[in-house]
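Computed from a prediction, not measured in an experiment: that's the story for all the values here. Numbering of ligands and ligand atoms starts at 1, following listing order.
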Amino acid sequence: MAEALAQVKSVMGADAVILHTRTYQRRMWLGLRRREVVEITAGRGLQIAGRPARRAPISPRSLNANTQIKSPVQNSRQLLETPAASNAVMMGLSQEMASLKTMVKDLVAQTRQRECPNVPEDLFAYYVQLIESQVAQELAVEIVRTLHQQIRPEHLAQADYVKGKIAEQIEKLLPTAGPIVRKKAIGAHVVALIGPTGVGKTTTIAKLAANMKLRDKHRVGLITIDTYRIAAIDQLRKYADIIGSNLRVVATPEDLRDAVRSMSDCDFILIDTAGRSPNDTLKLNELKTFLAAAEPDEVHLVLSTTASQECVELAIERFGDVRVDKIIFTKLDEAAHVGVVLNVVKKVNKALSYITTGQDVPDDIEVGRGKRLAQMLLGSES
Ligand SMILES: Nc1nc2c(ncn2[C@@H]2O[C@H](COP(=O)(O)OP(=O)(O)O)[C@@H](O)[C@H]2O)c(=O)[nH]1
Ligand SMILES: [Mg+2]
């Protein structure tokens, strides 16, 4: 149809008016083969109601075996004004679209196969979703390939089922630490948060402290060694006052040791650290001295998902010299690149303890769970 319409246009010009179209089968080769014939009735000089006619009707013309053009009619520019004409045009267009679509699909499939020969075609859309969430390519390939081996073909079309299975994979891949728990019978469980400036250490301390104190009724002591910025102390003091916890501000490792001792009747002591730049080795050494004095039960490295993967890796490298037991990822509410959490935790092989999802104290914090992360990665909330 598209071909025939093109011929009408080339023989009769763009002014041609389509009056009628029809397709039918014609038997060939003694009736053994069929051939589709497209017949278009078109003309120039068509008189549309209310418009002055031009002269010169044309006689039917045969264009080739497949196409015939008939009709002695009057001229008009309104190619699309008759229903038959617009039908024909639409049919032609939709046929062309359909063949274009097939072509593009084939091309995409070919390119995919060439670029990602390890990714099963059936799960390619999920693979793309993982990649778009910044999951590292080798991890995304591993996830969909393992899934492909497990899943029955009849389940492939059920998106919820497939997503559930991907979530299971992610759960297995992501080491998680669970919540902070005090195991000892006597003395305070000491937790220090370290990490680059502005990632949300102080806010996270406030969230943890508020939940421990107000929800779980624990005795919580707060210590900050962030004496570089007055605002930082005020920020934590405000939270300490609201929660009703003790806050000690310390300037030296000796002070820190004393402060920890003085709070030994608490169940938990949370230590906030200065946002020292990860590039500053001198201050990192200072941080190490502080940590050595505090003798914490656990040290959590706090990282923000709003930073690029490179930034996060640089921070890890720098802080790698300092003791790190677990990882907290902040600002998942702002991050389009949730995959970084999976990549980083897997790469450094430290367990994810918490994620934070907003500025609200104490609500926007959750214990890190693979299933929840999978929901964020695959864009399905529940
Ligand atoms: N959107 C969002 N903002 C956060 C989150 N956690 C902390 N922030 C904000 O990040 C900024 C820096 O936080 P702060 O706790 O002072 O970072 P610190 O320098 O590491 O102590 C503040 O404006 C916080 O409100 C979070 O989970 N989501
Ligand atoms: Mg701070």
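For Val199, the heavy-atom gap to ligand 1 drops under 4.0 angstrom.
Contacts of Glu334 with ligand 1, taken as heavy-atom pairs under 4.0 Å, involve the side chain alone. Using a 4.0 Å cut-off between heavy atoms, Thr204 makes no contact with ligand 1 at all. When non-hydrogen atoms are compared, ligand 1 lies under 4.0 Å from the side chain of Asp333 (C-beta onward) but not from its backbone.
Remark: Lys371 NZ is loosely packed, at most 12 non-hydrogen atoms of other residues, nucleotides or ligands lying under 6.0 Å away. Around the CD atom of Gln137, the shell of radius 6.0 Å holds no more than 12 heavy atoms that belong to other residues, nucleotides or ligands. In Glu295, the CD atom is not crowded: 12 or fewer heavy atoms of neighbouring residues, nucleotides or ligands sit closer than 6.0 Å.
Using a 4.0 Å cut-off to heavy atoms of Gly200, the atoms of ligand 1 that qualify are 7 (C), 13 (O), 14 (P), 15 (O), 17 (O), 18 (P), 20 (O). Annotation for ligand 1: atoms under 4.0 Å from non-hydrogen atoms of Thr202 are 15 (O), 21 (O). Atoms of ligand 1 lying under 4.0 Å from any heavy atom of Thr203, numbered from 1 in the order shown and given with element: 7 (C), 13 (O), 14 (P), 15 (O), 24 (C).
At a 3.5 angstrom cut-off on N or O pairs, Lys331 counts as close to ligand 1. Of the N or O atoms in Gly198, one or more lie within a sub-3.5 Å distance of an N or O in ligand 1.
Contact annotation: the side chain of Val338 never approaches that of Thr305 to less than 4.5 Å [non-hydrogen atoms, C-beta and beyond]. Counting heavy atoms from C-beta on, the side chains of Gln309 and Gln134 never come closer than 4.5 Å. In this structure, Ile143 and Leu123 have side chains that are not in contact, with every pair of non-hydrogen atoms separated by 4.5 Å or more.
Taking each of Gln235, Gln359, Lys201 in turn, the one with a heavy atom nearest to atom 20 (O) of ligand 1 proves to be Lys201.
Screening residues 256-269 for side-chain hydrogen bond (donor to acceptor under 3.5 Å, both in side chains) gives Arg219-Asp267, Arg248-Ser262 as the qualifying pairs, with residues at least two apart or on separate chains.
For a distance bound of 2.8 Å, the N, O or S atoms of Thr202 include one lying that close to the Mg ion (ligand 2).
In the hydrophobic clustering, Ile243 connects to Tyr239, Val361, either directly or through intervening members, whenever side-chain heavy atoms lie under 4.5 Å apart.
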